[in-house]
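This report refers to the structure that appears directly beneath it.
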Protein chains: 2
Amino acid sequence: MLDGEERTLVDRVVREVFALLLSSEIPLGGQLNEAALAARFKVSRGPIREAIKQLQGRGLVIKEPYLKARVVSLSLPDMIEIFQLREAVEGMSVRLATSAMSDTELDEMLDAFSAARQAGKAVDLDLHVRIAEGCGNDRIRALLCDELYYLLRLYRARSADQPGRRQDAFTEHWQILRAMRARDGELAESLMRAHIGRATRSLETLLAQQAATTDKG
Amino acid sequence: MLDGEERTLVDRVVREVFALLLSSEIPLGGQLNEAALAARFKVSRGPIREAIKQLQGRGLVIKEPYLKARVVSLSLPDMIEIFQLREAVEGMSVRLATSAMSDTELDEMLDAFSAARQAGKAVDLDLHVRIAEGCGNDRIRALLCDELYYLLRLYRARSADQPGRRQDAFTEHWQILRAMRARDGELAESLMRAHIGRATRSLETLLAQQAATTDKG
DNA sequence: ATTCGAAAAAGTGTTGACACTTTGACGGCA
DNA sequence: TGCCGTCAAAGTGTCAACACTTTTTCGAAT
């Protein structure tokens, strides 16, 4: 995510297009016009095309031959699919991390978590990222950090988060960290799955409400 | 995978390059030279580059700026990572499929499985594909069918499969199908995880042996 | 007024040439 | 002989022009 890492135009374009999505300048479900993006970023269409392919690989963009690329819609059903996948993968991620991370790393994570809790800062995604980075399985890390968390950030940028969940989430995260520190991978996995499962059910409730409202209106 | 679906050169190149990998014409860990591939397939470098980006997205190719793209090595540690991910994702896949698939679909799958068993045909990957396609979660389906199973096919094309596992695998698959038919998603998930977990441990044993041999030699 | 079809406009797919980076070979120097 | 800087060769990154597909526009026939 650091600018210094960008050795090529494609990388820059990927970051800038993602910023456009985050800022809602290109809406969810909106279209990506290669020529327009090329003009905007002062590059030719080649890098734009490769950047779109890359975003397509990350699941942020959907595209068919000769048709304009569309930004993923991130509808409630989409998010439920993503959360079901997260439940499975993050469960494994935390199980592996429980074995793979050193005492020092775990303590650092606990400290950072406590500090953030004091400061009242949201720490959710940071924590999940750290666990994924510590799980020792690079495919799982890439899937979570390079794909799913991008989608999550995009979703959160659009939808106000539930108010009541914040305190619960702190407790649930704390329990997960405790299980990791106790080197109980089984427990850590089931706590993580429950944690994400609760969020999934919250989305499903929202979907049911939305469906009911739409039916009436 | 059908030729008729290929409306663009990039799609054709992706298929042909993957065939080169399957046939060992390009070895695992080997390099992909854009110009050479362009000459071979009689296209310019543009489509080649996009195809490589796509293969990169599927995890078959690793690339850094200005360095040649390398085919993934699929070493034993790589495969273990892939199997750990599969264990988590396919567990969820079969759990969801157990709810989502109709009686008719399940029966068809059982019939096809029995027929293959009679004919003594290997059915492993087919079955996993069907389950993924029936799970109703398109992100999970894409992850399994468009990414992980490609890697698996590539791996199997190189390494002779274990002789004793075949009969065991039939039994394990049969149990999974029975659990699905009984609409017991929990059971189906844990059976699938055990099924893949066994394969993972078999890889880990192989790795340990390999390490021991290397140390001596 | 409506519908159908042809032609123009817009947009994506592909190409070959040029620019930049990396790599390896060559020669000078200690 | 061994090390370092320089330069040529190979390869990737980028660009602008051209080809093909899709969409829209517009007019004619019913």
Side-chain angles (χ1 to χ4, degrees), chain A residues 1-21 25-73 146, chain B residues 1-18 20-21 25-73:
Chain A
M1 293 286 266
L2 290 174
D3 298 23
E5 303 282 338
E6 290 172 6
R7 315 221 7 235
T8 187
L9 280 183
V10 176
D11 292 336
R12 199 193 88 205
V13 171
V14 167
R15 177 176 52 79
E16 293 190 308
V17 169
F18 183 65
L20 287 185
L21 302 187
E25 185 157 338
I26 299 177
L28 295 181
Q31 294 184 338
L32 297 175
N33 183 318
E34 295 180 1
L37 290 173
R40 164 148 194 167
F41 297 133
K42 302 283 201 332
V43 299
S44 79
R45 279 177 47 221
I48 299 286
R49 285 178 63 83
E50 293 195 19
I52 288 177
K53 264 258 165 7
Q54 198 160 319
L55 291 169
Q56 191 182 355
R58 292 183 180 182
L60 287 160
V61 161
I62 295 170
K63 190 168 171 326
E64 283 178 292
Y66 293 110
L67 301 178
K68 295 196 237 301
R70 294 196 326 278
V71 182
V72 71
S73 64
D146 296 342
Chain B
M1 292 285 267
L2 289 174
D3 299 22
E5 302 282 339
E6 290 172 6
R7 314 218 13 234
T8 187
L9 281 183
V10 176
D11 292 336
R12 199 194 87 204
V13 171
V14 166
R15 177 176 53 77
E16 293 191 310
V17 169
F18 184 65
L20 287 186
L21 303 188
E25 186 157 337
I26 298 178
L28 296 181
Q31 294 185 337
L32 299 175
N33 183 318
E34 294 180 2
L37 291 173
R40 163 148 195 167
F41 297 132
K42 302 282 202 330
V43 299
S44 78
R45 278 178 48 221
I48 300 287
R49 286 178 61 83
E50 292 195 19
I52 288 177
K53 264 256 161 14
Q54 198 159 318
L55 292 169
Q56 191 183 355
R58 291 182 179 183
L60 287 161
V61 161
I62 295 170
K63 189 166 174 326
E64 283 179 290
Y66 293 109
L67 301 178
K68 294 197 238 302
R70 293 196 326 278
V71 182
V72 71
S73 63

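Note on naming: letters A, B, ... go to the chains in the order of the sequence lines (proteins, then strands), and numbering restarts at 1 for each one. The analysis underlying the following values was restricted to heavy atoms, covering all of them including side chains, and did not include hydrogens, waters or symmetry mates.
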Might you confirm whether atom CZ of B:R58 has over 12 heavy atoms from other residues, nucleotides or ligands at distances under 6.0 Å? yes
Assuming nearest nucleotide by heavy-atom distance, tell me which of A:P65 and A:V10 is located more 5' along DNA chain D. A:V10
B:L32 CG to B:L21 CG distance, which is reported to the nearest 0.5 Å: 7.0 Å
Taking all non-hydrogen atoms of both residues, which atom of B:V61 and which atom of B:A69 are closest, and how far apart? CG1-CB, 3.8 Å
Rounded to the nearest Å, what distance is computed from the CZ atom of residue A:F41 to the C1' atom of nucleotide D:dC15? 18 Å
Rounding to a whole Å, what distance do you find between A:L9:CG and D:dA16:P? 12 Å
A:R45 side chain N/O closer than 4.0 Å to the phosphate oxygens (OP1, OP2) of D:dC15? no
CZ of B:R70: more than 12 outside heavy atoms within 6.0 angstrom? no
Kindly say if A:T8 contacts the phosphate of D:dT14, meaning a side-chain N or O under 4.0 Å from OP1 or OP2. yes
Of the listed nucleotides (D:dC15, D:dT12, D:dT21), which one gets closest to any side-chain atom of B:Y66? D:dT12
Any salt bridge linking A:E50 with B:K53? Criterion: basic side-chain nitrogen under 4.0 Å from a carboxylate oxygen. yes
Roughly, in whole Å, what's the span from CD in A:E64 to P in D:dT21? 16 Å
How long is the line joining CD of A:E34 and P of D:dT14, in whole Å? 15 Å
Would B:R45 and B:E34 satisfy salt bridge (Lys or Arg N to Asp or Glu O under 4.0 Å), going step by step from the backbone distance to the final call? CA-CA 6 Å; B:R45 278 178 48 221; B:E34 294 180 2; 3.0 Å; yes
Using a heavy-atom cut-off of under 4.0 Å over every strand shown, decide if B:L32 touches base, sugar-phosphate, or nothing. sugar-phosphate
Can you give me the first and the last nucleotide of DNA chain C (5' to 3') that has an atom within less than 4.0 angstrom of a non-hydrogen atom in chain A? C:dG11 to C:dT22
Let me know the distance between NZ of A:K42 and P of D:dT14, rounded to the nearest Å. 17 Å
Would you check if the side chain of B:R7 reaches a backbone N or O of A:E64 as a donor-acceptor pair within less than 3.5 Å? no
Applying a 4.0 Å non-hydrogen cut-off, can you work out what A:G46 is touching in the nucleic acid: base, sugar-phosphate, or nothing? nothing
Within this structure, what is the CG-to-P distance between B:N33 and D:dA10, rounded to whole angstrom? 11 Å
Whole-Å distance, B:K68 NZ to D:dG13 C1', equals 14 Å
